[in-house]
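One structure is given below, encoded as structure tokens.
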Amino acid sequence: MRRPHRRIETQLTVVGTGIAGFAAALFARARGLDVAQVGHSGALAYTTGYLDLLGVADGRKIADPWAGLDALRMTEPGHPFGRLANADIRAALDAFIGEVNAMGLGYTPAGAANLTALLPYGVTKPTLSLPETMWPGAAALAERAPALIVDFAGLQGFSAAEFAANMAAVWPGLATARLAFPGMESLQVFPEPMARALETRETRAAFVARLRPHLGAVTHVGLPAILGVHRPDTVRAALEAELGVTLFEIPTIPPGVPGIRLRELFERHLPGRGVALEPNLKAAEARLDPSGITLALHGPMEDLDIRAEAVVLATGRFLSGGLRAERSGIRETLFGLPVAQPDGREAWFRPAYFDPRGHPVNRLGLTVDDRFRPLDAAGAPVHPRLHAAGAVLAGQDWARSRSGAGLAIASAWAAVNAAGAELGSSPGDPGPTTAPGAAPAQEPGTA
Ligand SMILES: Cc1cc2nc3c(=O)[nH]c(=O)nc-3n(C[C@H](O)[C@H](O)[C@H](O)COP(=O)(O)OP(=O)(O)OC[C@H]3O[C@@H](n4cnc5c(N)ncnc54)[C@H](O)[C@@H]3O)c2cc1C
């Protein structure tokens, strides 16, 4: 029997469902473009949830990412941030955070300075915007507030005692407690089912009863990131009302709930905003021709062709499958785009694993022009309307510089603006986007 075959025609197709891909789809809808988006799981599930812009330069934490970007443009002119003005980067972050907040997931605005955010194991990192559920932890650290850190029997990779011990020099006197999570008193527990369970009133009531005896005189309680998947701000408020303390989340080791929250948020809301979203389907083949780009996708039940006038490629690096390392070199997996790279694999890594300069392989990727179009070996755009954004770009090491989400969002902004200008759309209202006549996305209730 012949498999069903479907065809979609769009102005812009976004390939990738990481932060860069979702940002690109939102920005494109804000410009009024007709948008399709395809992708699968990837690095998004691993994020802490923090939106970094530039946290580290020359191996040192920096307080002012905006001044850091000015300096980066001087020291690393080939960095993708070098193709963007600070005003555009700010506009991109403001638009993205505005959209996420409008969809019901609280994030703090991108400010003038980095914040000091908490990590599991009791260390900190500089970042620019935090989920509202995590922001009180940064504030409590700044005030050295009397706090209790809670972990759970059977939860791997998050120890309250270790957190308190490593924090002792900067945040002395942290109290700790270990609880059995209600309904999961088994050997091993995982953050995602715990978070989903806390969306029910019954689990919250049982949890409050177990936590209350440990509160003593603390004003704050820090928990691993388990305060619900769909409405974490509501879950936190409900628990705070019962407990009479300020709660904050600390990211867990990956994969963690904050990335799942973002992914599920976009999956719920983007179709209502007019994006033809295929969140569990990778593009298998791509064909370029002078008038556009055709993608072929093979789902479990049907084949799908997407014909696009323009494409934003946001497929990430090795973890998400945008790049692949082979014996003969590193290649871009969908279009076979040129990846500027040294002659041999010996040059991918420096001899010392902990070399403070990092490893060259982490900077390999797609070289782009000012319109974020991948370039061929001769330095010309591979296609006039093929753009790239996010971690797949060359000349940056987002993990080392703590710039993952910021780079993804800002480059998506630039790529979409360039594609939109080529397609004749004007910059839209950077406020929240809605498809004409679309019903608001149904929020799963918090019982
Ligand atoms: C462990 C870890 C911790 C992190 N912590 C932070 C943090 O604290 N702060 C921060 O700002 N950032 C953090 N990040 C980075 C962040 O999650 C993103 O990796 C980064 O922002 C880059 O996003 P991206 O969208 O470019 O790529 P990715 O997130 O890698 O997404 C790429 C997408 O492309 C899809 N894809 C690949 N090939 C195809 C194809 N052929 N067809 C369709 N789709 C395809 C993948 O399925 C995936 O959805 C962290 C990442 C990791 C791995």
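Bear in mind the structure is a predicted one, so any value in this text is a computation, not a measurement. For ligands, and for the atoms within them, numbers begin at 1 and follow the listed sequence. In this chain, numbering begins with 1 at the start of the sequence shown.
Proximity of Leu319 to ligand 1, defined as any heavy-atom pair under 4.0 Å, is confined to the side chain (atoms from C-beta onward). Contact annotation: for Ser320 versus ligand 1, heavy atoms closer than 4.0 Å belong to both the backbone and the side chain. For Ala314, every heavy-atom contact with ligand 1 shorter than 4.0 Å involves the backbone, none the side chain. At a heavy-atom distance under 4.0 Å, atoms from both the backbone and the side chain of Thr47 approach ligand 1. Under 4.0 angstrom from ligand 1, there are no non-hydrogen atoms of Ser403.
Salt bridge present: Glu249 and Arg261 bring a charged side-chain N and a carboxylate O closer than 4.0 Å. Under 4.0 Å is where a charged nitrogen must lie from a carboxylate oxygen, and between Arg324 and Glu332 no such pair does. The pair Asp355-Arg357 meets the salt-bridge criterion, with a side-chain N (NZ, NE, NH1 or NH2) lying under 4.0 Å from an Asp/Glu carboxylate O. The pair Arg331-Glu326 meets the salt-bridge criterion, with a side-chain N (NZ, NE, NH1 or NH2) lying under 4.0 Å from an Asp/Glu carboxylate O. With respect to the salt-bridge test (charged N to carboxylate O, under 4.0 angstrom), the residues Arg6 and Glu302 qualify. Between Asp305 and Arg287 there is no salt bridge, since no side-chain N of the basic residue sits under 4.0 Å from a carboxylate O of the acidic one. Of the charged side-chain nitrogens involved, at least one lies within less than 4.0 Å of a carboxylate oxygen, so that Arg273 and Glu99 count as a salt-bridged pair.
Residue nearest to atom 52 (C) of ligand 1, selected from Phe335, Tyr50, Trp398, Phe22: Trp398 (by heavy-atom distance).
Distances between N or O atoms of Ala405 and those of ligand 1 include at least one value under 3.5 Å. Of the N or O atoms in Tyr46, none lie within a sub-3.5 Å distance of an N or O in ligand 1. In terms of N/O distances under 3.5 Å, ligand 1 is approached by Thr17. Ligand 1 has no nitrogen or oxygen under 3.5 angstrom from a nitrogen or oxygen of Gly49. Considering backbone and side-chain atoms alike, Ala20 places an N or O below 3.5 Å from some N or O of ligand 1. Distances between N or O atoms of Arg317 and those of ligand 1 include no value under 3.5 Å. For ligand 1, the polar-atom distance check against Gly322 finds no nitrogen or oxygen pair separated by under 3.5 Å. Taking any N or O of Ala391, backbone or side chain, at least one lies under 3.5 Å from an N or O belonging to ligand 1.
Using 4.0 Å as the threshold, Lys125 has a heavy atom nearer than that to some atom of ligand 1.
Close approach to Gly18 involves these atoms of ligand 1, each under 4.0 Å from a residue heavy atom: 25 (O), 29 (O), 31 (O), 33 (C), 49 (O).
Under a cut-off of 6.0 angstrom, the local environment of CZ in Arg60 is sparse, with at most 12 non-hydrogen atoms contributed by other residues, nucleotides or ligands.
Protein heavy atom in closest approach to atom 38 (N) of ligand 1: Thr315 CG2, 3.5 Å. Ala283 N, 3.8 Å is the protein heavy atom nearest to atom 40 (C) of ligand 1. Among protein heavy atoms, the minimum distance from atom 16 (C) of ligand 1 is reached at Ile19 CD1, 4.4 Å. Regarding atom 19 (O) of ligand 1, its nearest protein heavy-atom neighbour is Ala43 CB, 3.4 Å.
Less than 6.0 angstrom separates the ring centroid of His359 from the ring centroid of Phe349.
Between the side chain of Arg307 and the backbone N or O of Gln11, no donor-acceptor pair lies under 3.5 Å.
No side-chain donor-acceptor contact under 3.5 Å links Glu264 and His269.
Ring geometry for Trp413 against Phe27 counts as perpendicular: the plane angle is over 60°, on a 0 to 90° scale with 30° as the lower cut.
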